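See below for the structure under consideration.
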Amino acid sequence: MLRQLISGIRGQSVTLRELMDAVGEQGLLVICAIASLPFLLPVSIPGVSTVFGAAIILISLAITANRLPWLPKRILDRQLDTGKLVPALEKGANIVSRLDRFLKPRLSGLTTGRMVNRLNGLAITAAGVLLMFPLGLVPFSNTLPGIAILMLSTGMMQRDGLVVLGGYLFNVITVVYFGVLAYAAFSAGQGIASLFA
């Protein structure tokens, strides 16, 4: 389904509205998975983390509330450069195809039930917030939450609780990583300040 969607992207630019129209109303988790693909590689595509991160947050909140998402026109209709986006999506789809072999229904307690789906939806929301942190030039700052989003969304789609659990783990790893970065930046700032004291 991901490859079919990617092969249908034409022209010099594409909007999130066009991607969502191609997937249909039943594809909210698919959209989350697609939106995570450009971040599985340590490259930065200008503007994508803002658009896709905001979309992931709003869509995951809709999943949590069990209703169709509302997305602002500015997010839906922002033009994204297909020349940079499509190769990133294709590489991400290659990663997903490898992951697909390991997906199977298991640990159903982590993927069934309204409350569990709400928790999983909130976990995707948290990963979307982490994805939008303005750290695009810092290695893995987009990759780690991107992996979390992909694992949570594909795990929910395939009813694979183990993969969902992996998504939670990557959320925790991302928070720890950002905490280490913040501490390092604070320590460096203190060191520079002491030189002028």
Side-chain angles (χ1 to χ4, degrees), residues 2 16 28-65 69 71 75 80 84-85 88-89 91-100 102-103 106-107 109-111 115-189:
L2 289 174
L16 184 62
L28 297 183
L29 287 169
V30 175
I31 285 291
C32 285
I34 290 166
S36 73
L37 297 183
F39 310 108
L40 302 184
L41 306 162
V43 292
S44 180
I45 304 173
V48 172
S49 65
T50 305
V51 174
F52 281 8
I56 287 166
I57 290 168
L58 293 170
I59 290 169
S60 59
L61 287 172
I63 291 167
T64 303
L71 295 171
I75 298 279
L80 301 168
K84 293 177 181 176
L85 182 62
L89 289 175
K91 288 175 183 174
N94 289 335
I95 294 169
V96 173
S97 67
R98 292 190 209 114
L99 177 65
D100 193 49
F102 302 101
L103 290 168
R106 54 189 159 183
L107 298 179
L110 293 172
T111 59
M115 187 55 68
V116 169
N117 281 335
R118 283 183 174 174
L119 286 172
N120 292 342
L122 287 173
I124 296 174
T125 304
V129 171
L130 293 169
L131 185 66
M132 288 188 72
F133 270 56
L135 300 171
L137 298 177
V138 178
F140 305 112
S141 61
N142 284 341
T143 306
L144 293 174
I147 292 171
I149 292 161
L150 179 64
M151 294 186 81
L152 286 160
S153 54
T154 54
M156 288 174 73
M157 280 189 283
Q158 301 288 356
R159 300 286 184 260
D160 192 333
L162 187 62
V163 173
V164 168
L165 203 59
Y168 279 96
L169 177 62
F170 269 92
N171 262 354
V172 171
I173 290 170
T174 305
V175 170
V176 170
Y177 182 56
F178 284 6
V180 169
L181 289 176
Y183 179 76
F186 177 76
S187 297

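Nothing here was measured: the structure is a model prediction, and the numbers come from that model. Values below: every heavy atom of this structure, side chains too, minus hydrogens, waters and symmetry copies.
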>> Taking salt bridge (Lys or Arg N to Asp or Glu O under 4.0 Å) as the cut-off, I'd like each qualifying pair that reaches into residues 177-186, sequence neighbours left out, listed once.
In response: none
> Side chains of Leu119 and Tyr168: does their closest heavy-atom pair fall under 4.5 Å?
Replying inline: yes
>> If you compare all heavy atoms of Ala127 against all heavy atoms of Ile149, which two are closest, and at what distance to 0.1 Å?
In response: CB-CG1, 3.4 Å
> Partners of Val116 by side-chain contact (heavy atoms from CB on, under 4.5 Å), sequence neighbours excluded?
Replying inline: Asn120
>> According to side chain to side chain donor-acceptor pair (under 3.5 Å), does anything in residues 149-159 pair up with another residue at least two apart or in another chain? List the pairs.
In response: none
> Which atom names give the shortest non-hydrogen contact between Ser36 and Gly146, and what distance separates them?
Replying inline: CB-O, 3.4 Å
>> Enumerate the side chain to side chain donor-acceptor pair (under 3.5 Å) contacts for residues 123-133, please, sequence neighbours excluded, ordered by first and then second residue.
In response: Ser60-Thr125
> Pairs in or reaching into residues 166-184: which pass salt bridge (Lys or Arg N to Asp or Glu O under 4.0 Å), with residues at least two apart or in two chains?
Replying inline: none
>> I'd like to check the side-chain contact (heavy atoms from CB on, under 4.5 Å) partners of Leu169; sequence neighbours left out, ordered by chain and number.
In response: Ile173
>> So, taking the atom named CG in Leu130 and the one named CG in Asn142, what distance separates them when rounded to the nearest 0.5 Å?
In response: 10.5 Å
> Got a sec, which residues hit side-chain contact (heavy atoms from CB on, under 4.5 Å) with Leu107, two or more places apart in sequence or on another chain?
Replying inline: Leu110, Leu162
> What's the spacing between Asn117 CG and Met156 CE if we round to 0.5 Å?
Replying inline: 4.5 Å
> Considering residues at least two apart in sequence or located in another chain, which fulfil the side-chain contact (heavy atoms from CB on, under 4.5 Å) criterion with Met151?
Replying inline: Ile147, Val163, Phe170
>> Testing the basics here: between Gly53 and Leu131, what is the closest heavy-atom pair and its distance to 0.1 Å?
In response: CA-CD2, 4.0 Å
> For Arg118, what residues pass the side-chain hydrogen bond (donor to acceptor under 3.5 Å, both in side chains) criterion, not counting sequence neighbours?
Replying inline: none
> Roughly how far, to the nearest 0.5 Å, is OG1 of Thr64 from CD1 of Ile124?
Replying inline: 7.5 Å
>> Please report the interatomic distance CG(Leu152) to CG(Leu122), rounded to the nearest 0.5 Å.
In response: 11.0 Å
> Do any pairs count as a salt bridge (Lys or Arg N to Asp or Glu O under 4.0 Å) and have a residue in residues 160-178, sequence neighbours left out, and if so which ones?
Replying inline: Arg106-Asp160
>> For residues 169-180, which residue pairs pass the side chain to side chain donor-acceptor pair (under 3.5 Å) check, not counting sequence neighbours?
In response: none
> Tell me, which pairs form a salt bridge (Lys or Arg N to Asp or Glu O under 4.0 Å) where one or both residues lie in residues 161-180, sequence neighbours left out?
Replying inline: none
